[in-house]
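So that the names make sense, note that chain A is the first sequence line, chain B the second, and so on, each numbered from 1. For clarity, every value in this text was computed on a predicted model and none was experimentally measured.
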Amino acid sequence: MRERKAEPTYDLDQDWTEEIRKNLLHWYDQNKRDLPWRESRDPYRVWVSEIMLQQTRVDTVIPYYQRFMENFPTLIDLAEADEDEVLKYWEGLGYYSRARNLHAAVKKVATVYGGKVPEDLETISQLKGVGTYTAGAVLSIAYNQPEPAVDGNVMRVFSRWFAMKDDVAKPATRRKMEAYALQVMCRERPGDFNQGLMELGALICHPLSPVCDSCPVNSLCQARQQGIQHELPVKKKAKPPVPYNVIFGYIKQDGHVLVQRRPQGGLLAGMWSLPTVEEQKKGNDALIPDLSKNLAEAGFHVEWGRVLGETDHIFSHRRWKITILEGEALSVSQPLPEEYTWVTEGSWDSLAFPKAYHKALRIADSRFGSRFQGSLF
DNA sequence: TATACGTGGGG
DNA sequence: TCCCCAAGTAT
């Protein structure tokens, strides 16, 4: 067992605790949604769903989860897959490190743990991409262990139940919430209790307009009693995205387009792209020599042509103002550097591209009138 | 501890 | 258009 750090304990009123468990579980039994990952308690299936659901809406995840499970029905299937295939099934979901970490972790489980997802907190927490929340979620849902699984929903619910004004953006606040969660936890039904908390946050205890009239525990909620449910949770505002000028090179030769795998770390790590340069201050024109230089260092000499179009793409932390520039490869590196490859124009769905590049490829396709038909998008 | 890391939906 | 948000983790 992992040693929990010495967190303060909160001696909650016993009657309050029992009533909240009873009301929450009863409400969950009556109102829980039919979701694909609730059809079994297979630890692998629970695990995949929890990774996909990180910072991602349920409605967005459902089709991805179904496609993923049809193609990788068991942990061994996923462990034996190529990383490019895994990324292809993650294409468009975002936070792509989740997919690479999950794949690496599943391979470790297959080889080191005999294909069985670890059942103890210490071991499962060492797997890539499995943090405090995911460890608690898998252990409670799949293995019925009384571990807290405190996500954004649970923090919102708790901040209201206990009228807490701690900033939920701070890691220390979540640790405090986990201490509360351990106190309130239903030891008989840990998985349902954790899911009930999250379901309440998702269906009733909304961020902006909580439906307190429909809440099964409204009489037990301190924020409601004080009429401050709309003021909670307290959360520090995020910084706005930083604008960047970006150029995508759409470089052709003999009906093929040059594409490049992005580096293994950082933004869109490991995904395919068009050759790209980005800069905060330079204008787009000033960026062209940088792109030429990058390509020359890889052995490509390019003559630039028309601007094919422009588009914007907003990440959580930066905003790309993209110019798509047509180019013709005059001379080509032999052999082709590892991170580059040629794709037949229009056949983009053989590789996994993030959304920003899908936008650009769609613009280029509309220019050239090719009949691009992506299989997923 | 604060920041990087995607994307899409809704008010 | 803008802002907030959504089942977090790694560093």
Side-chain angles (χ1 to χ4, degrees), chain A residues 32-33 35-38 46-65 87 90-102 104-105 124-138 140-141 148-157 167-175 177-178 181 191 194-203 205-210 230 233-242 244 262-271 273 312-320 352-359 376-377:
Chain A
K32 70 177 175 185
R33 291 168 289 181
L35 298 171
W37 44 89
R38 288 184 175 156
V46 172
W47 180 11
V48 170
S49 74
E50 293 300 342
I51 300 297
M52 285 190 172
L53 286 162
Q54 289 169 6
Q55 300 292 287
T56 310
R57 290 185 144 71
V58 166
D59 288 345
T60 301
V61 167
I62 289 173
Y64 280 90
Y65 178 81
L87 285 175
W90 211 273
E91 183 182 46
L93 240 198
Y95 285 146
Y96 299 101
S97 293
R98 291 183 295 176
R100 297 184 301 127
N101 287 338
L102 172 64
I124 200 172
S125 298
Q126 287 170 6
L127 296 170
K128 283 186 183 177
V130 178
T132 313
Y133 163 77
T134 304
V138 173
S140 64
I141 296 169
V150 175
D151 71 338
N153 288 122
V154 177
M155 289 208 282
R156 186 170 60 256
V157 167
D167 181 354
V168 296
K170 292 185 182 301
T173 302
R174 196 175 72 163
R175 290 194 290 275
M177 300 279 188
E178 283 163 357
N194 282 339
Q195 291 186 87
L197 281 174
M198 293 187 269
E199 198 80 338
L200 187 73
L203 300 182
C205 200
H206 298 302
L208 298 180
S209 49
H230 297 281
V234 173
K235 190 176 191 176
K236 189 184 63 184
K237 285 191 201 309
K239 292 174 185 169
V242 179
Y244 283 75
R262 292 183 59 91
Q264 280 305 117
L267 186 65
L268 307 174
M271 300 294 284
S273 72
D312 277 29
H313 188 77
I314 303 173
F315 303 101
S316 48
H317 56 304
R318 60 180 78 177
R319 169 195 295 266
W320 274 2
F353 292 97
K355 289 287 184 183
Y357 296 96
H358 271 282
K359 285 186 194 172
L376 293 175
F377 303 97

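Ranking B/dA2, B/dG6, C/dG8 by closeness to the A/Asp151 side chain, first place goes to C/dG8. Of the candidates C/dC4, C/dA6, C/dT9, C/dT9 carries the atom nearest the A/Gln54 side chain, counting heavy atoms from C-beta on. Distances from the side chain of A/Asn101 to the nucleotides B/dG6, B/dG8, C/dA10 place C/dA10 closest.
Across the protein-nucleic acid pair, A/Phe315 atom CZ and C/dA6 atom P stand 22 Å apart, rounded to whole Å. Taking atom NZ of residue A/Lys236 and atom C1' of nucleotide B/dT3, one finds them 9 Å apart after rounding to whole Å. Here B/dA4 presents its C1' atom at 17 Å from CD1 of A/Ile314, a figure rounded to the nearest Å. Taking atom NE2 of A/His358 as the reference point, atom C1' of B/dT7 lies 13 Å away to the nearest angstrom. Computed from coordinates, the A/Tyr133 OH to C/dT9 C1' distance equals 13 Å when rounded to whole Å. Per the geometry, NZ belonging to A/Lys128 stands 8 Å off P belonging to C/dT11, to the nearest Å. For the pair A/Lys239 NZ and C/dC3 C1', the computed distance is 17 Å after rounding to whole Å. Taking atom CE on A/Met155 and atom P on C/dC5, their separation rounds to 12 Å, with Å as the unit.
For the pair A/Met52/A/Leu102, no side-chain contact is recorded, criterion being any heavy-atom separation below 4.5 Å from C-beta on.
In terms of the ring-ring contact (aromatic ring centres under 6.0 Å, His included) criterion, A/Tyr95 has no residue partners (sequence neighbours excluded).
A/Arg156 has a side-chain polar atom (N or O) that falls below the 4.0 Å cut-off from OP1 or OP2 of C/dA6.
Below 30°, between 30° and 60°, or above 60°: for A/His313 and A/Phe315 the angle between ring planes is above 60°, a perpendicular geometry.
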